[in-house]
Amino acid sequence: MFKVIQRSVGPTSLSLLTFKVYASAKKDSSHKAAVKVNELSLYSVPEGQSKYVEEPRTQLEESISHLRHYCEPYTSWCQEMYSQTKPKMQSLVQWGLDSYEYLQNAPPGFFPRLGVIGFSGVVGLLLARGSKIKKLVYPPVFMGLAASLYYPQQAIVFVQVSGEKLYDWGLRGYIVIEDLWKENIQKSENVKNSPGNK
């Protein structure tokens, strides 16, 4: 152990020592040949002026540039559509996950109720033979009636909200029809009162 310490202490102690080194010129050289620090090539500035020359574009680079400029409006439109639809898709995915979780832990009696509501929709579709309007109206009405038997409070709220919306739509339609009626009456009066009809 002592020999190992002795061998490692020697080189380590030599690395801590400092030495001064003196350089001397050759005896036969003159003092005029001495070079100053700022005259060394390491510190000097090159004499020539540098100029940036851009290499000409190749045919491949030109065609890629034209393709990128041509596709730029479409890519920006796609990015805009993606940014608009991303929150909607995330909410739709979240709704699907929530629905799946709800169906995994459904309350007792949920699936028989769902079966009765779906069966009433099928009955409405069977009774709506012959007319496309009946096929659009009967199944939702029958399903709504079946659902209102099982969920009366939600049905009352739905009827109130949908009734208010229907009233608003009817009022807007009435206003639009009234405006159109007035415009037609004014046009017909203008045609009757024109100087050529007298």
Side-chain angles (χ1 to χ4, degrees), residues 57 60-198:
R57 287 182 166 181
L60 178 64
E61 290 175 337
E62 284 289 331
S63 60
I64 290 174
S65 174
H66 287 301
L67 181 66
R68 288 179 68 187
H69 286 297
Y70 178 73
C71 293
E72 187 176 2
Y74 302 109
T75 56
S76 63
W77 179 80
C78 289
Q79 288 174 346
E80 182 179 328
M81 290 302 293
Y82 174 74
S83 65
Q84 287 178 357
T85 56
K86 183 179 178 182
K88 295 177 184 176
M89 292 304 293
Q90 286 177 340
S91 64
L92 183 64
V93 167
Q94 187 62 40
W95 177 80
L97 292 173
D98 292 342
S99 300
Y100 176 75
E101 185 69 29
Y102 179 77
L103 291 175
Q104 289 295 322
N105 302 319
F110 175 75
F111 290 112
R113 292 176 184 177
L114 187 64
V116 169
I117 294 169
F119 181 72
S120 66
V122 171
V123 168
L125 190 63
L126 291 175
L127 293 176
R129 289 184 182 174
S131 174
K132 291 182 180 179
I133 295 175
K134 287 182 183 179
K135 287 181 182 178
L136 290 175
V137 173
Y138 279 19
V141 168
F142 276 68
M143 290 174 70
L145 289 173
S148 67
L149 293 175
Y150 290 115
Y151 304 103
Q153 293 175 344
Q154 289 85 351
I156 291 170
V157 171
F158 177 76
V159 167
Q160 288 175 346
V161 171
S162 60
E164 290 174 1
K165 287 184 180 179
L166 284 174
Y167 177 75
D168 288 341
W169 290 345
L171 189 60
R172 289 179 189 169
Y174 175 75
I175 292 171
V176 168
I177 291 172
E178 186 180 23
D179 290 342
L180 290 173
W181 184 269
K182 287 180 181 179
E183 287 178 10
N184 287 337
I185 290 174
Q186 287 177 354
K187 285 181 183 178
S188 64
E189 287 178 0
N190 288 340
V191 169
K192 289 178 182 178
N193 294 334
S194 65
N197 291 338
K198 290 184 178 179

Next item on the list: Assess whether atom CZ of Phe110 is packed by more than 12 heavy atoms of other residues, nucleotides or ligands within 6.0 Å.
Entry: yes
Notebook entry, point to check: To the nearest 0.5 Å, how far apart are CD1 in Ile64 and CZ in Arg68?
Noted result: 9.0 Å
Next item on the list: Check whether any side-chain heavy atom of Tyr100 lies under 4.5 Å from a side-chain heavy atom of Gln104, and answer yes or no.
Entry: yes
Notebook entry, point to check: Could you state the interatomic distance from CG (Leu125) to CG (Leu136), rounded to the nearest 0.5 Å?
Noted result: 10.0 Å
Note to self: Cation-pi check for Tyr151 against Arg113: NZ or CZ below 6.0 Å from the six-membered ring centre and within 45 degrees of the axis, yes or no?
What the structure shows: yes
Notebook entry, point to check: Atom CG of Asp168 and atom NZ of Lys165: how far apart are they, to the nearest 0.5 Å?
Noted result: 9.5 Å
Next item on the list: Output the distance between atom CG (Asp98) and atom CG (Leu103), rounded to the nearest 0.5 Å.
Entry: 11.0 Å
Check: So Ser65 and Glu61, side chain to side chain contact (heavy atoms under 4.5 Å, CB included) or not? Walk me through it.
Finding: CA-CA 6 Å; Ser65 174; Glu61 290 175 337; over 6 Å; no
Next item on the list: Could you tell me whether the side chain of Ser76 and the main chain of Glu72 form a donor-acceptor pair under 3.5 Å?
Entry: yes
Next item on the list: Please test Leu126 against Tyr138 for side chain to side chain contact (heavy atoms under 4.5 Å, CB included), starting from the C-alpha separation and ending with a verdict.
Entry: CA-CA 9 Å; Leu126 291 175; Tyr138 279 19; over 6 Å; no
Margin query: How long is the straight-line distance from NZ of Lys182 back to CD1 of Ile177, given to the nearest 0.5 Å?
Written below: 13.5 Å
Next item on the list: Begin with the C-alpha distance, continue with both residues' side-chain angles, and end with the deciding distance and a verdict on side chain to side chain contact (heavy atoms under 4.5 Å, CB included) for Met81 and Trp77.
Entry: CA-CA 6 Å; Met81 290 302 293; Trp77 179 80; 3.6 Å; yes
Margin query: In the structure I gave you, are the side-chain heavy atoms of Val122 and Phe142 within less than 4.5 Å of one another anywhere?
Written below: no
Next item on the list: Taking the side chain as every heavy atom from C-beta outward, state whether Val176 and Arg172 have any pair of such atoms under 4.5 Å apart.
Entry: no
Note to self: Pair Gln154, Ser148 - check side chain to side chain contact (heavy atoms under 4.5 Å, CB included), show working.
What the structure shows: CA-CA 8 Å; Gln154 289 85 351; Ser148 67; over 6 Å; no
Check: Can you tell me how far CD of Glu80 sits from CD of Gln84, rounded to the nearest 0.5 angstrom?
Finding: 5.0 Å
